[in-house]
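Below is one structure, written out as structure tokens, with a few remarks after it.
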Protein chains: 2
Amino acid sequence: MKGEKISELTTNRLSVYLRCLNELDAQGEASVSSDAMARRFHMNSAQIRKDLANFGEFGTRGVGYNVKTLRDHLTSILGLDREHRVGIIGAGRLGAALADYYGFRKANFTVAAIFDSDPAKIGNNLGEVAVLDAKDFSQAARSYMIDVAVIAVPAEAAQSALDLVEKAGIKAVLNFAPVSLRASSDIKINSIDLTTSLESLSYFLASSEDAR
Amino acid sequence: MKGEKISELTTNRLSVYLRCLNELDAQGEASVSSDAMARRFHMNSAQIRKDLANFGEFGTRGVGYNVKTLRDHLTSILGLDREHRVGIIGAGRLGAALADYYGFRKANFTVAAIFDSDPAKIGNNLGEVAVLDAKDFSQAARSYMIDVAVIAVPAEAAQSALDLVEKAGIKAVLNFAPVSLRASSDIKINSIDLTTSLESLSYFLASSEDAR
């Protein structure tokens, strides 16, 4: 499968399998069948077998998959055995919370630097990470070997932040600004939109009240 | 449209339109055509007209939509003119960051209380919000009039947190735990999964490297 792209939905499922395997390993389980994994984590066992067969992983009949071997294999497929270096753009509340976000470290993502254009913030530290001037982004991205950018600026500043990222040649972006962004097709942008999630809950509650 | 459910994709687009209208209003624009809105915010003008026609909103030919009127209408459709009261389960890093999250207030969501089962945390305050004992969730949910629960606990504790929420009769949930949850069908769960987003970026970078 080297170099061959699999779908986003499949990689998302691989992420979930990996978490299950980490949990099973922590509990001292040496092997697991697709059926047991499906039951335990509310998934579909045929789907599990199909997804893993893509990668040449075939469980042993009556025994299942070896937990550690499969975990290491998925870790490598997802690229989680290599360190990624993150530059966060925006040193506001969200940027500060993310600088300290445990999930980054757990996924082998190291926050290397934070960028802002506010002179009052530049030169400070957030935790152990320095706040740098956003206008030096390209140069700093090279010297800090940043390969993932996190956009944590207000909606109206997000497109210019992405333009900086694109100029610096960074190809992977996690976007928290609630706005749709334009980028060239070789950049992957994953967006996390809390506002839309909240507003859809609000709509759900409002329409349920109206229905009563 | 009262009581009649529209799709999640449509409400998500209404959220985006609302943000655009807020931006236009802040810039002093009194009216906007679907074409101008589409150009400016990279959307499809026919889609905008279709979505808004669902709600009896028809722009005036040559003038467009009245920005303030349409904004107020969308605010009401999305239920954002009513206050929602949030209970956060989990007083760890993420819970603490969310207790202080500006986006809640902006969407008319008030964080009423935070719950945890750690005796060292119970009784403290996070910002202005008290940390209560998770075992009193049902009673506190009633007295604090909580109608939205936020699950900010580790994956292995998420299902029990959701069980508490369900017992308390709360119907809207924002879940940050990276795990699939079982609930009865009248509960709406929106999940925000940062880990999966990160791992999909990691896979993208790994597979691009392999392809080179």
Side-chain angles (χ1 to χ4, degrees), chain A residues 2-6 8 11-12 14-16 18-19 23 41-43 77-80 82 84 93-94 97 100-104 106-109 147-148 155-156 171-174 178-180 182 186 188 190 192-211, chain B residues 2-6 8 11-12 14-16 18-19 23 41-43 77-80 82 84 93-94 97 100-104 106-109 147-148 155-156 171-174 178-180 182 186 188 190 192-211:
Chain A
K2 253 192 185 283
E4 189 184 319
K5 296 260 166 110
I6 56 172
E8 181 86 24
T11 61
N12 289 353
L14 297 184
S15 281
V16 174
L18 179 55
R19 265 171 247 158
E23 202 177 314
F41 300 104
H42 326 300
M43 301 182 295
I77 289 168
L78 290 169
L80 299 171
R82 326 179 191 187
H84 294 297
R93 288 164 188 272
L94 177 64
D100 195 39
Y101 174 55
Y102 176 65
F104 280 134
K106 234 173 74 183
N108 213 354
F109 285 62
D147 59 350
V148 175
E156 59 274 18
K171 301 298 184 196
V173 177
L174 189 61
V179 68
S180 69
R182 278 155 300 145
D186 64 338
K188 180 163 176 66
N190 279 352
I192 306 272
D193 187 344
L194 272 173
T195 305
T196 296
S197 263
L198 286 176
E199 296 188 354
S200 110
L201 288 179
S202 171
Y203 172 76
F204 171 80
L205 291 169
S207 59
S208 316
E209 279 168 32
D210 287 345
Chain B
K2 252 191 184 292
E4 190 185 320
K5 297 263 166 107
I6 56 172
E8 181 87 24
T11 60
N12 288 354
L14 297 183
S15 280
V16 174
L18 179 56
R19 264 171 248 159
E23 201 177 315
F41 299 103
H42 327 300
M43 300 182 295
I77 289 168
L78 290 169
L80 300 171
R82 326 178 192 187
H84 294 296
R93 285 163 191 272
L94 177 64
D100 195 42
Y101 174 55
Y102 177 66
F104 279 136
K106 233 173 77 183
N108 214 356
F109 284 62
D147 60 351
V148 175
E156 60 274 19
K171 301 299 184 196
V173 176
L174 190 62
V179 68
S180 70
R182 278 153 302 145
D186 63 338
K188 181 163 173 69
N190 280 352
I192 305 273
D193 187 343
L194 272 173
T195 305
T196 296
S197 263
L198 286 177
E199 296 188 354
S200 111
L201 288 179
S202 171
Y203 172 76
F204 171 80
L205 291 169
S207 59
S208 315
E209 279 167 34
D210 285 346

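Here is how names work: the chains are called A, B, and so on, in the same order as the sequence lines, proteins then strands, and each is numbered from 1. Hydrogens, waters and symmetry mates play no part in the numbers below; they use all other heavy atoms, side chains included.
- Considering only heavy atoms from C-beta on, Val173(A) stays 4.5 Å or farther from Asn190(A) through its side chain.
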| Test log, rule salt bridge (charged side-chain N to carboxylate O under 4.0 Å, His left out), inputs Asp147(B) and Arg82(B) | CA-CA 12 Å; Asp147(B) 60 351; Arg82(B) 326 178 192 187; over 6 Å; no
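- Contact of Asp100(B) with chain A is made through backbone and side chain together, with heavy-atom distances under 4.5 Å.
- Among Leu78(B), Val16(B), Thr11(B), the residue with the largest count of heavy-atom pairs under 4.5 Å with chain A is Leu78(B).
- Across all non-hydrogen atoms, the minimal contact from Lys171(A) to Leu205(B) is CB-CD2, 4.4 Å.
- Residue Leu174(A) touches chain B through both its backbone and its side chain, counting heavy-atom pairs closer than 4.5 Å.
- Heavy-atom minimum distance, Phe109(A) versus Leu80(A): CE1-CD2, 4.5 Å.
- Among the candidates Glu23(B), Arg182(B), Glu156(B), Arg19(B), the residue making the largest number of heavy-atom pairs closer than 4.5 Å to chain A is Arg19(B).
- Of the listed residues Leu94(B), Val148(B), Ile77(B), the one with more heavy-atom pairs under 4.5 angstrom with chain A than any other is Ile77(B).
- In this structure, chain A has a heavy atom under 4.5 Å from the side chain of Leu18(B), while its backbone stays farther away.
- Here the CG atom belonging to Asp193(A) is positioned 8.5 Å from the CD atom belonging to Glu199(A), to the nearest 0.5 angstrom.
- Interface remark: of the candidates Ala172(A), Ser200(A), Ala97(A), Ser200(A) forms the most heavy-atom pairs closer than 4.5 Å to chain B.
- If you measure heavy-atom distances from Glu8(A) to chain B, the contacts under 4.5 Å come from the side chain alone.
- When all heavy atoms of Gly79(B) and Ala206(A) are compared, the pair lying nearest together is CA-CB, 3.7 Å.
- Contacts between Thr196(B) and chain A at a heavy-atom distance below 4.5 Å involve backbone atoms as well as side-chain atoms.
- Across all non-hydrogen atoms, the minimal contact from Phe204(B) to Asp186(A) is CZ-O, 3.5 Å.
- With a 4.5 angstrom heavy-atom cutoff, Thr195(A) touches chain B via backbone and side-chain atoms both.
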